[in-house]
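Below: the structure, in structure tokens.
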Amino acid sequence: MARTPHDLLRARVGAAVASAFGDDVEVPEPLVVPTTDPRHGDYTSPVAMGLARALGRAPHELAQRLADALEVSDLAEPPEVVRPGFVNLRLHPRWLARRVGELAGDGRLGVEPATAPTRVVVDYSGPNVAKAMHVGHLRSTIIGDSVANVAELLGHDVERVNHVGDWGTQFGMLIAHLDDVGYRGVEGRSASLAEIEDLYRAANARFAADDAFRQRARQRVVELQSGDPETHSAWRWLVALSMAENQAVYDLLGVHDLVVRGESTYQPMLAEVVADLEAAGLVVVDDGAKCVFVEGFTNAEGEPLPLIVQKADGGYNYDTTDLAALRSRAELGAGRVVYVVDAGQSQHFQMVFAVARMAGWLPDGVEATHLAFGLVLGEGGRRLRTRSGDSVRLVDLLDEAVQRARRFVVERAEERGEPVPADVDEVARVVGVGAVKYADLSQHRQSNYVLSFDRMLSLKGNTAPYLQYAYARIRSILREAGWADGLPGEPPAVTLDEPQELELAKRLVVTGDVVHRVAEDYLSNHLCTHLFEVAQTYHQFYEHCPVLRSPEPLRSSRLALCAVTAATLRLGLGLLGIEVLDRI
RNA sequence: GCCCCUGUAGCUCAGUUGGACAGAGCGGCUGCCUUCUAAGCAGCGGGUCGCAGGUUCGAGUCCUGCCGGGGGCGCCA
């Protein structure tokens with residue numbers, strides 16, 4: 001049983017409705033909502049207004065009956081019935097104080113495990129072989145990693161899968177081109193990804209212009225698919241080089257446990273996938289291609305739009321691969337499969353999910369979700385590009401953020417006449433990368449996201465540096481008090497006499513609600529807002545309530561508030577994949 | 001042409017399954033560093049929630065239409 005105020009009040013109001021109006025009334029949702037205006041208390045129940053019509057009574061009267069039946073004296077002030085028919089609830093300081101004391105000894109900060117843990121596959125990042133990761137992969141990686149973190153905290157069996165683009169017709173031309181420029185049989189040599197990208201561009205150009213080359217490229221695809229050793233080893237060389245370079249990005253981002261299971265993984269299953277679809281009577285041959293038509297999807301001419309599962313030339317495409325991957329994941333026991341892929345693919349995923357359901361590969365209990373996200377835009381509101389028009393490489397973007405953070409730390413030290421900290425590189429990395437991640441995650445996932453170094457590193461407002469700074473400040477106090485390694489024994493009694501203490505406690509107590517909400521809607525910006533509010537409320541507390549200078553037992557009570565705040569920030573930022581520092 | 005997303009303060013954006021007088025941050029202006037990190041805090045200004053209808057006790061939120069922005073639309077992934 002969750003013990004967040006929202007959950008508790010929901011249960012109490014539910015019980016009160018049953019006792020006041022009988023079990024058979026249909027209870028209008030929501031039972032309780034947080035208020036927007038503190039004058040209305042902390043939470044309010046609008047159910048009386050929802051019941052007014054069904055029961056043929058005035059809302060105000062029903063609200064009064066509800067309030068009379070409501071048993072909340074242990075956690076809230078007496079309910080207040082107001083105007084149209086709201087029942088307002090204000091949390092009792094004593095309850096809040098006790099709850100904060102409990103959180104001080106709770107590593108989960110009141111985040112209860114999921115009631116029905118399942119296997120969750122999170123498919124994210126998905127870079128392409130022979131291409132440097134660019135900003136498009138940034139959001140997928142950052143968002144996907146956070147989704148996985150949240151699911152993990154709730155006790156799900158989480159699998160982080162990197163569906164790398166390591167297969168396809170493009171390898172035919174690339175390998176054919178390698179032959180011509182002297183790369184044949186030189187798998188031992190090293191090459192930068194930039195070099196490979198140049199080769200890729202050149203291959204592309206030739207493929208478009210040269211018939212003979214096109215023929216050889218196609219031949220190479222056939223050889224690759226049939227497992228020809230020489231072709232295969234060239235392919236493996238490309239994959240290995242690409243992934244080695246990507247690894248640097250993952251290291252910088254602090255992304256771990258991401259298991260590569262690329263498109264090539266599913267090659268052996270494709271023929272069977274198509275055969276099974278045919279056996280199920282779902283396949284229609286159209287212009288030589290094997291198609292599955294899905295109701296409700298049309299093309300630009302208004303004609304039915306198919307998912308093409310086998311091309312006219314016999315080859316497979318990513319529709320087939322994604323079907324095979326989804327089927328495989330369901331077979332391996334996934335209860336939920338989450339795809340973190342840009343919004344441009346949403347029709348594709350809708351169709352893949354639909355076909356998988358038609359084929360019976362996705363039982364009703366298995367949930368497939370496309371977590372769509374918007375584009376990364378430059379400051380002008382256009383797609384982010386370099387001056388030369390290329391897409392921005394992820395390493396360059398992250399490096400710039402880290403460099404800017406470093407410059408700030410150095411400049412601040414100079415202003416204060418202090419030496420530059422010895423760990424300036426570490427601080428710069430944590431702050432710079434954290435800023436990039438937070439700027440993304442604090443934005444609504446579906447909207448296009450305007451990337452601005454100035455804003456994400458502005459160090460003021462709703463940014464990672466602000467939160468990291470708040471954390472470091474708290475840690476400084478805890479260190480001073482000897483609390484840095486944990487509580488000195490049992491959680492101390494907490495008192496909340498100052499308004500700033502009370503406000504802080506109210507924020508600290510709802511982390512469980514917030515995390516569970518984010519686990520459901522996958523909108524990390526709600527978690528960001530919560531952390532920002534916690535930090536902001538903490539800073540107000542910090543200004544008005546001395547901690548170390550206060551006499552006992554007030555000192556310990558305030559230290560407990562500090563400890564819970566620090567732990568909340570660390571937990572929350574951790575869920576976002578953002579590190580914290582004891583000193584900044 | 002069809003489908004999806006989107007339009008909220010000068011700028012960037014929040015706004016929980018419809019709930020009370022729409023909120024932040026940035027930028028602008030004014031104060032606060034012999035006191036636990038001023039990357040902070042306190043305060044002042046600023047919005048016909050794209051437009052028009054509709055549903056409802058109640059609409060930024062739901063429905064319809066229109067206007068503007070983004071993305072997608074059969075053998076690339």
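Residue numbers start from 1 in every chain, and the chains themselves are labelled A, B, ... in the order their sequence lines are given, proteins ahead of strands. These numbers come from the heavy atoms of this one structure, side chains and all, not from hydrogens, waters or symmetry mates.
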Within the 4.0 Å heavy-atom criterion, would you say [X] contacts the bases, only the backbone, or no part of the nucleic acid?
{"X": "His348(A)", "answer": "nothing"}
{"X": "Ala300(A)", "answer": "base"}
{"X": "Cys545(A)", "answer": "base"}
{"X": "Gln345(A)", "answer": "base"}
{"X": "Asp513(A)", "answer": "nothing"}
{"X": "His40(A)", "answer": "base"}
{"X": "Leu375(A)", "answer": "sugar-phosphate"}
{"X": "Pro34(A)", "answer": "base"}
{"X": "Glu303(A)", "answer": "base"}

Is the shortest side-chain N to carboxylate O distance from Arg429(A) to Glu426(A) below 4.0 Å? yes
What I want to find out is whether Arg10(A) reaches Asp7(A) closely enough, with some N-O distance under 4.0 Å, to be called a salt bridge. yes
Below 4.0 angstrom from OP1 or OP2 of [N], is there any side-chain N or O of [X]?
{"X": "Asn525(A)", "N": "G15(B)", "value": "yes"}
{"X": "Arg445(A)", "N": "A14(B)", "value": "no"}
{"X": "Gln540(A)", "N": "A42(B)", "value": "yes"}
{"X": "Lys311(A)", "N": "C76(B)", "value": "yes"}

Among [options], find the nucleotide with the atom closest to the side chain of [X].
{"X": "Thr529(A)", "options": "A14(B), A39(B), U37(B)", "answer": "A14(B)"}
{"X": "Pro46(A)", "options": "G19(B), C13(B), A77(B)", "answer": "G19(B)"}
{"X": "Arg412(A)", "options": "A39(B), U16(B), A14(B)", "answer": "A39(B)"}
{"X": "Val547(A)", "options": "G19(B), C75(B), C36(B)", "answer": "C36(B)"}
{"X": "Pro30(A)", "options": "C13(B), U17(B), G40(B)", "answer": "U17(B)"}
{"X": "Thr44(A)", "options": "A20(B), U17(B), U37(B)", "answer": "A20(B)"}
{"X": "Leu548(A)", "options": "A14(B), G40(B), C36(B)", "answer": "C36(B)"}
{"X": "Ile308(A)", "options": "A20(B), A77(B), G74(B)", "answer": "G74(B)"}

Whole-Å [atom1] distance, [N] and [M]:
{"N": "G15(B)", "M": "G23(B)", "atom1": "C1'", "result": "7 Å"}
{"N": "A59(B)", "M": "C51(B)", "atom1": "P", "result": "16 Å"}
{"N": "U35(B)", "M": "C29(B)", "atom1": "C1'", "result": "28 Å"}
{"N": "G53(B)", "M": "G60(B)", "atom1": "P", "result": "14 Å"}
{"N": "C13(B)", "M": "G27(B)", "atom1": "C1'", "result": "14 Å"}

Specify the separation, in whole Å, of atom [atom1] of [X] and atom [atom2] of [N].
{"X": "Leu441(A)", "N": "A14(B)", "atom1": "CG", "atom2": "C1'", "value": "15 Å"}
{"X": "His444(A)", "N": "U12(B)", "atom1": "NE2", "atom2": "P", "value": "17 Å"}
{"X": "Phe373(A)", "N": "G72(B)", "atom1": "CZ", "atom2": "P", "value": "13 Å"}
{"X": "Asn448(A)", "N": "U6(B)", "atom1": "CG", "atom2": "P", "value": "11 Å"}

So, does the side chain of [X] form a donor-acceptor pair with the base of [N] at under 3.5 Å?
{"X": "Asn299(A)", "N": "G74(B)", "result": "yes"}
{"X": "Asp322(A)", "N": "A77(B)", "result": "no"}
{"X": "Tyr469(A)", "N": "A39(B)", "result": "no"}
{"X": "Thr169(A)", "N": "A77(B)", "result": "no"}

Protein-nucleotides 23-25 of chain B N/O pairs closer than 3.5 Å?
{"residue": "G25(B)", "atom": "OP1", "partner": "Gln536(A)", "partner atom": "NE2", "Å": "3.3"}

Please give me the minimum heavy-atom distance between [X] and [Y], naming the atom from each residue.
{"X": "Gln540(A)", "Y": "Gln500(A)", "value": "O-CG, 3.8 Å"}
{"X": "Gln310(A)", "Y": "Thr320(A)", "value": "N-OG1, 4.5 Å"}
{"X": "Asp286(A)", "Y": "Cys291(A)", "value": "CB-SG, 4.0 Å"}

Anti/syn call for C33(B), syn if |chi| within 90°: syn
Any strand is fair game: report the nucleotide pairing with C41(B) by Watson-Crick or G-U wobble, both distances under 3.5 Å, or none. G31(B)
Using distance alone, with no hydrogens and no angle criterion, decide if Glu552(A) and Ser556(A) have a side-chain donor and acceptor under 3.5 Å apart. yes
When you compare the side chains of Tyr466(A) and His539(A), does any donor N or O come within less than 3.5 Å of an acceptor on the partner? yes
Would you please determine if the base of A39(B) is stacked by Tyr466(A), with stacking meaning a centroid separation under 5.5 angstrom and planes under 30 degrees? no
Both Asp286(A) and Glu301(A) contact RNA chain B. Taking the nearest nucleotide for each, which residue is further toward the 5' end? Glu301(A)
Need to verify one output field. Residue with the more 5' nearest nucleotide on RNA chain B, Cys291(A) or Trp167(A)? Cys291(A)
Centroid-centroid distance, Tyr318(A) to His348(A), less than 6.0 Å: yes
With sequence neighbours left out, what residues match Asp454(A) under side chain to side chain donor-acceptor pair (under 3.5 Å)? Arg404(A)
